[in-house]
Amino acid sequence: MKQSNVERMIDEITEGIYQDYPELLERYGERGREKCREDNQHHFHQLHTAYKMKNDQFFIDYANWLNGVLTSRGMKSEHLIDNFNRIKKSVWKEEQSDEQEAYIHMLQKANESLSKEKATISQQK
């Protein structure tokens, strides 16, 4: 995927998150918005790496690791799932390609894994 398209998608995703969750701006300020952008750059980098390696599990493992880091810092799994859904929506709008289809597939599989993990934790409580 073209870097200019990725940057545009990241801008849209970040703005959408902060529009839908204004409390994030109150809680984390502008630094949080910048961190959100950085996080999305990492998400796209991991997607691209997994795509090049032809290894979906690489991205799924990244998602599960990141979820552990984020939830230990007070975020919720729902935030990451929402973020991945926003990426999926943005990628869907791009020109159809093998890369686009792979990203959407990996994001869906990662969200399924995160949801399954979340359900398992809820049952253990």
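Everything numeric here is computed off the predicted structure, so don't read it as measured data.
- For the side-chain contact (heavy atoms from CB on, under 4.5 Å) with Leu66, the lone residue among Gln46, His43, Met75, His42 that qualifies is His43.
- Ile10 and Leu24 fall within a single hydrophobic cluster, where Ile, Leu, Val, Met, Phe, Trp and Tyr side chains are chained together by heavy-atom contacts under 4.5 Å.
- Under the 4.5 Å side-chain contact rule for hydrophobic residues, Phe58 and Val91 do not share a cluster.
- You'll find the side chain of Met9 reaches within 4.5 Å of the side chain of Phe44, heavy atoms only.
- For Arg31, the salt bridge (Lys or Arg N to Asp or Glu O under 4.0 Å) partners are Glu38, not counting sequence neighbours.
- Taking OH of Tyr103 as the start and OG of Ser90 as the end, the distance is 13.0 Å to the nearest 0.5 Å.
- Take Asp20 and apply the salt bridge (Lys or Arg N to Asp or Glu O under 4.0 Å) test, not counting sequence neighbours, and it matches Arg86.
- Listed by chain and residue number, nothing satisfies the ring-ring contact (aromatic ring centres under 6.0 Å, His included) test with Tyr18 (two or more places apart in sequence, or in another chain).
- No side-chain donor-acceptor contact under 3.5 Å links Ser115 to the backbone of Glu112.
- Atom CD of Gln19 has 12 or fewer heavy atoms from other residues, nucleotides or ligands within 6.0 Å.
- Residues His105 and Asp56 are in side-chain contact: their nearest non-hydrogen atoms beyond the backbone lie under 4.5 Å apart.
- Partners of Glu34 by salt bridge (Lys or Arg N to Asp or Glu O under 4.0 Å), not counting sequence neighbours: none found.
- Taken to the nearest 0.5 Å, the CG atom of Asp82 stands 12.5 Å off from the NZ atom of Lys76.
- In terms of the side-chain contact (heavy atoms from CB on, under 4.5 Å) criterion, residue partners of Lys2 (sequence neighbours excluded) are, by chain and number, Ser4, Asn5.
- The aromatic rings of Phe84 and Phe59 sit tilted relative to each other, their planes meeting at an angle between 30° and 60°.
- At least one donor-acceptor pair under 3.5 Å links the side chain of Asn64 to the backbone N or O of Ile60.
- The salt bridge (Lys or Arg N to Asp or Glu O under 4.0 Å) contacts involving residues 6-15 comprise Glu7-Arg37, Arg8-Glu12, Arg8-Glu94, Asp11-Arg37, Glu15-Arg33, where partners must be two or more places apart or lie in separate chains.
- Heavy-atom contacts from other residues, nucleotides or ligands closer than 6.0 Å to CD of Glu95 number 12 or fewer.
- The structure places SG of Cys36 at 10.5 Å from CD of Gln41, a figure rounded to the nearest 0.5 Å.
- In this structure, the separation between NZ on Lys54 and NZ on Lys52 is 8.0 Å, given to the nearest 0.5 Å.
- Proximity of a side-chain donor or acceptor of Ser113 to a complementary backbone N or O of Lys109 within less than 3.5 Å is not detected.
- Proximity of Val6 to His48: side-chain heavy atoms (C-beta onward) are nowhere separated by under 4.5 Å.
- Linking Ile, Leu, Val, Met, Phe, Trp and Tyr whenever their side-chain heavy atoms come within less than 4.5 Å leaves Met53 and Leu47 in two separate clusters.
- Distance CD1/Ile13 to NZ/Lys88: 12.5 Å, rounded to 0.5 Å.
- Between Leu80 and Asn111, the shortest heavy-atom distance links the atoms O-OD1, 4.4 Å.
- The NZ atom of Lys116 sits 11.0 Å away from atom CG of Leu114, with the distance rounded to the nearest 0.5 Å.
- At least one side-chain heavy atom of Asp98 sits under 4.5 Å from a side-chain heavy atom of Tyr51.
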